[in-house]
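In the text below, chain A, chain B and the rest are named by the order of the sequence lines, each starting its count at 1. This is a predicted model, so every value here is computed, not measured.
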Protein chains: 2
Amino acid sequence: MKTPAALTEQFRSQGLKITPQRVAVFDALHDNPTHPTAESVHSAVVARMPTVSLRTVYQTLNDLAEMGEISRLEVGTGSARFDPNVEEPHHHLVCESCGMVRDLHVEVAPDLGDDVPDGFEVAGAELVVRGRCRSCADKD
Amino acid sequence: MKTPAALTEQFRSQGLKITPQRVAVFDALHDNPTHPTAESVHSAVVARMPTVSLRTVYQTLNDLAEMGEISRLEVGTGSARFDPNVEEPHHHLVCESCGMVRDLHVEVAPDLGDDVPDGFEVAGAELVVRGRCRSCADKD
DNA sequence: TTTATTTCTAACAATGGTTGCAGATTGGGT
DNA sequence: ACCCAATCTGCAACCATTGTTAGAAATAAA
Ligand SMILES: [Mn+2]
Ligand SMILES: [Mn+2]
Ligand SMILES: [Zn+2]
Ligand SMILES: [Zn+2]
């Protein structure tokens, strides 16, 4: 994801308006490695601007995802996670106990070869490695 | 997943009762390669037993998943998909246009090596290949 | 700066998928 | 056939997300 300043520029150049609510969402996402849910982005934003609605956070997240500035992940933890790291191709590691999501910089170059039906246009592949993180394992 | 007959045996041996509703769900799943949603399992069941509730279908699917007889997939198509093929380790191919899910028998042996944080217990890895199936591509 | 245009926000309602609950029903051992 | 724990149904509640819209705010024009 671009910096909040660069995003401000980009939004304006597309005829979109810069509101303090949007900037607050940009700030909450910038350099955020936690793969937050919409809810947790909202919490972070509300800490500074108590009136911002969850609806507005969703709207901005969707806008950013449509522009390709963030990506939406569905890792089976109930709600979607948002990832500002779109520059660096990577996969994910998920703790099934606490829901933590971490980047996984492994190469997955499956030889899809024969098993992809003829005519299927592959757009991308995502690997999710599941397990239990250390702090969760230590808990019992 | 075991055969409906074997599941009947297994349920009984665990003190669970065999009801026609449950058997209908077993039948709907047996050798079903479509990765159905709860809703579509329900449709199939209702075709033969019109009074079976969606609640009961969910209940049985959850029971089977807990026993490891089927697996629950979250591939980002809105609702969960259920997969009776737990014998053969495999991954999935998803059409982002129509929601079709197909088995993908590729080897994904990521060298997780360095990138897994110390102490993380890996339980498994799932690859989802996304794209567009032929019939969807042909449509436009 | 004032006004006009256009977009955005907040609040609330609605949706789709899934689960919790209570009371009626039933499987299966006796 | 009887009994009772297990199960089923129908419905309400729940959660994550999206639709709606009137009024507020940001930008453009004057
Ligand atoms: Mn990531
Ligand atoms: Mn499968
Ligand atoms: Zn954990
Ligand atoms: Zn398709």
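To the nearest angstrom, P of D:dT9 lies 15 Å from OH of B:Y58. Atoms CG (B:L16) and C1' (D:dA6) sit 9 Å apart, rounded to a whole Å. Computed from coordinates, the A:Q59 CD to D:dT20 P distance equals 12 Å when rounded to whole Å. Rounded to whole Å, atom P of D:dC15 lies 10 Å from atom CD of A:E39. Nucleotide D:dC15 holds its P atom 19 Å from the CZ atom of A:R55, rounded to whole Å. For the pair A:L54 CG and D:dA16 P, the computed distance is 10 Å after rounding to whole Å. Between the CE atom of B:M49 and the P atom of D:dT9 there is a distance of 7 Å, given to the nearest Å. To the nearest angstrom, P of C:dG28 lies 14 Å from CD of B:Q14.
Looking at B:R12, its side chain has no donor and acceptor atom pair within 3.5 Å of the base of C:dG28. Judged by distance alone, with hydrogens and angles left aside, A:K17 brings no side-chain donor or acceptor close enough to the base of D:dA25 to form a pair under 3.5 Å.
In this structure, the separation between CG on A:L61 and CD on A:E69 is 13.0 Å, given to the nearest 0.5 Å. Taking CG from B:L127 and NE2 from B:H90, the interatomic distance works out to 11.5 Å, rounded to the nearest 0.5 Å.
Closest contact between the side chain of B:P20 and the listed nucleotides D:dC8, C:dT18, C:dG27 involves C:dG27. In this structure, of D:dT27, D:dT7, D:dT18, it is D:dT7 that holds the atom nearest to the side chain of B:R22. Between D:dT9, C:dT18, D:dT17, one nucleotide has an atom nearer to the side chain of A:R72 than all others, and that is D:dT17.
Note on A:V129 and B:V128: separate hydrophobic clusters, where clusters join Ile, Leu, Val, Met, Phe, Trp and Tyr whose side-chain heavy atoms are under 4.5 Å apart, directly or indirectly.
Regarding contacts with the backbone of C:dA11, every side-chain N or O of A:S53 stays at 4.0 angstrom or more from both OP1 and OP2. For the pair A:T19 and C:dT9, the criterion of a side-chain N or O lying under 4.0 Å from OP1 or OP2 is met. Neither OP1 nor OP2 of C:dT26 sits under 4.0 Å from any side-chain N or O of B:Q21.
Salt bridge absent: B:E96 and B:R132 never bring a charged side-chain N and a carboxylate O closer than 4.0 Å.
Within the nucleic acid shown, B:T37 has no heavy atom closer than 4.0 Å to any nucleic acid atom.
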Report the C-alpha distance between B:H35 and B:H92 in whole Å, list the side-chain angles of each, state the deciding distance to 0.1 Å, and finish with yes or no for ring-ring contact (aromatic ring centres under 6.0 Å, His included). CA-CA 10 Å; B:H35 305 87; B:H92 294 98; 4.7 Å; yes

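Nearest-nucleotide positions on DNA chain C place A:V52 closer to the 5' end than the other of B:A38 and A:V52.
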